[in-house]
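Read through the structure below, which is laid out as structure tokens, and then see the notes.
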2 protein chains.
Amino acid sequence: MRQATCKIKANPRADEAIHCAIEAAILHGRLPPGLRLREHRLAAIFGVSRERIRKVLHRLAAERRLEIVPNRGARVPCPSEAEVRAIYEAHRVLEAGVLAQLSRLASPVLLDRLDTHLVEERAAAQRGDRAASIRLSGDFHRHLVDALGNAELSRMLRDLLGRSSVMVTVYEPAHHSPCAVDEHGTIVAALRAGDLAGALHASRHHFLHVEERLRLIPPAQEATVDLEAALLTR
Amino acid sequence: MRQATCKIKANPRADEAIHCAIEAAILHGRLPPGLRLREHRLAAIFGVSRERIRKVLHRLAAERRLEIVPNRGARVPCPSEAEVRAIYEAHRVLEAGVLAQLSRLASPVLLDRLDTHLVEERAAAQRGDRAASIRLSGDFHRHLVDALGNAELSRMLRDLLGRSSVMVTVYEPAHHSPCAVDEHGTIVAALRAGDLAGALHASRHHFLHVEERLRLIPPAQEATVDLEAALLTR
DNA sequence: GGCTGAAGAAATGTGCACATTCTTTCTCTC
DNA sequence: GAGAGAAAGAATGTGCACATTTCTTCAGCC
């Protein structure tokens, strides 16, 4: 009866909230790669016991959002350039398979929806909204996969995008230049024409362009981060 | 100093061993889908504290090897037929992407290695070794992905195969008939000929055949399982 | 002066006690 | 006799205390 009254075990999904908060902070780049996440500090920030934090951190590690080394705590992953390229390559290969499937059963409805998306993307690029461009660019590829209506495939892509989003901070494509949008358009056009080879070609070159633009940015030297602000945003 | 002497915290990877034991038992079908895994029982079997078991179970759940529902414990997943088909479809789509990539850079060395594998597969099929056939069939697809040398892709496939292996128990393709082997052979032949369309076609039909053979087998009614034997095997 | 090593501080890991929730069973009522 | 409800038993969830490991700092020595 110690904490039964005040402490409320009430919140059955407090874990979930904390999990989401940390995951979002990582995915949005608010936590620099390599940053150490100490259990005590997090427990204080979220106002929960250390055990709760522990559980969440280990779950995030199992989901590969964090890296935990025994007795040394958790860190935001700091992927090498090779790993980054592997993730892009995996995405490229996966998308090739998706396009092969879509070329057989793409509906006019889907194609129109993709066109609508392209309009948005071009608008964002034209007004120089970099944040929106990055988001919409990811959404384009998400739409392609989601069109298949396969939860497994959607999850796989979500995983890959999640892991590469960290890297936008580290290895930042110089700019998400407007040409990327046109490359998306080329893919859609090929799909509409029922031209699988063309779609594969366009997709492949799109990814090669993105990879080409990868720049190694010096690791942020454990810049002082306002953990509390980064985690509690939104 | 309570248990410092006898209990040995010695084993730093006891968790790992337990994790592997349970995972292997699931993947090899020694634990029927839907089976409940109680923490106390497992703790007794492995001779460790319940906390240790808890940690492992939750990790397995994060890896989607187990299903945990809050306050109700862990169960071996019991995928619906729809989920099974989704997993096969995901595998098919992924393999299409892999083949597109391989058709551009398949080396003679790789092709020869695949041929060697086919010989093994045919041998197993001819002598009616069902267990070996299933294993080798999985290995064939694994080899295709591994040939790209991309850890991300290999892991994705490993995941899919892991989840579908459970189902061999539930929805068991009537027999892994020898024709499946020949379908593998068709894929390799197309690759060797540099015929991407042919390889895609062969792969697609291979998967459709496998899915066609899926049979719904009535859930095993929580058959009495010797947990201890199933978990400690090997 | 720089390096080594030991002691203290801090962070992570683990078992245990107890709280909570779920399941089962027994009883009482209609 | 069947169904609803309550109580007992069993299983899971959580905070805490303490063990262990790692990191830091500082003193001593070459």
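Predicted model, so just to flag it, every value in this text is computed and none were measured. Just so you know, these numbers use all the heavy atoms, side chains as well, and skip hydrogens, waters and symmetry mates. Within every chain, numbering begins at 1; the chains are lettered A, B, ... in the order of the sequence lines, protein sequences first and strands thereafter.
When side chains are defined from C-beta on, B:Leu42 counts as touching B:Leu231, because their heavy atoms get closer than 4.5 Å. Side-chain atoms of B:Arg113 and B:His143, non-hydrogen and from C-beta on, never get closer than 4.5 Å to each other. At least one side-chain heavy atom of B:Leu27 sits less than 4.5 Å from a side-chain heavy atom of B:Arg65.
Atom CG in B:Asp15 sits about 17 Å away from atom P in C:dT12, given to the nearest Å. For the pair B:Arg72 CZ and D:dA11 C1', the computed distance is 12 Å after rounding to whole Å. The distance between atom NE2 of A:His58 and atom P of D:dG13, rounded to the nearest whole Å, is 17 Å. As rounded to whole Å, 10 Å separates atom C1' of D:dT12 from atom CD1 of B:Ile68. When rounded to the nearest whole Å, the span between CD of B:Glu39 and C1' of C:dT20 equals 14 Å. Here the P atom of nucleotide C:dA11 and the CZ atom of A:Arg75 are 13 Å apart, to the nearest Å. A:Arg36 has its CZ atom 7 Å from the C1' atom of C:dA11, to the nearest Å. Regarding B:His40, its NE2 atom lies at a distance of 14 Å from the P atom of C:dG15, rounded to whole Å.
Phosphate contact (OP1/OP2 of D:dA10, side-chain N/O of B:Arg38, threshold under 4.0 Å): absent.
Checked for salt-bridge contact, A:Glu152 and A:Arg155 meet the test: a charged N lies under 4.0 Å from a carboxylate O.
Checking D:dC16, C:dA11, C:dA17 against the side-chain heavy atoms of A:Glu51 singles out D:dC16 as nearest. In this structure, of C:dT12, D:dG15, D:dT14, it is D:dG15 that holds the atom nearest to the side chain of A:Ser49. Which of C:dT14, C:dA11, D:dT22 sits closest to the side chain of B:Arg52 comes down to C:dT14.
Between A:Pro70 and B:Arg54, the one whose closest nucleotide on DNA chain D sits nearer the 5' end is B:Arg54.
In this structure, A:His141 has its ring center under 6.0 Å from that of A:His206.
Donor-acceptor pairing under 3.5 Å, judged by distance alone, is present between the side chain of B:Arg50 and the base of D:dG13.
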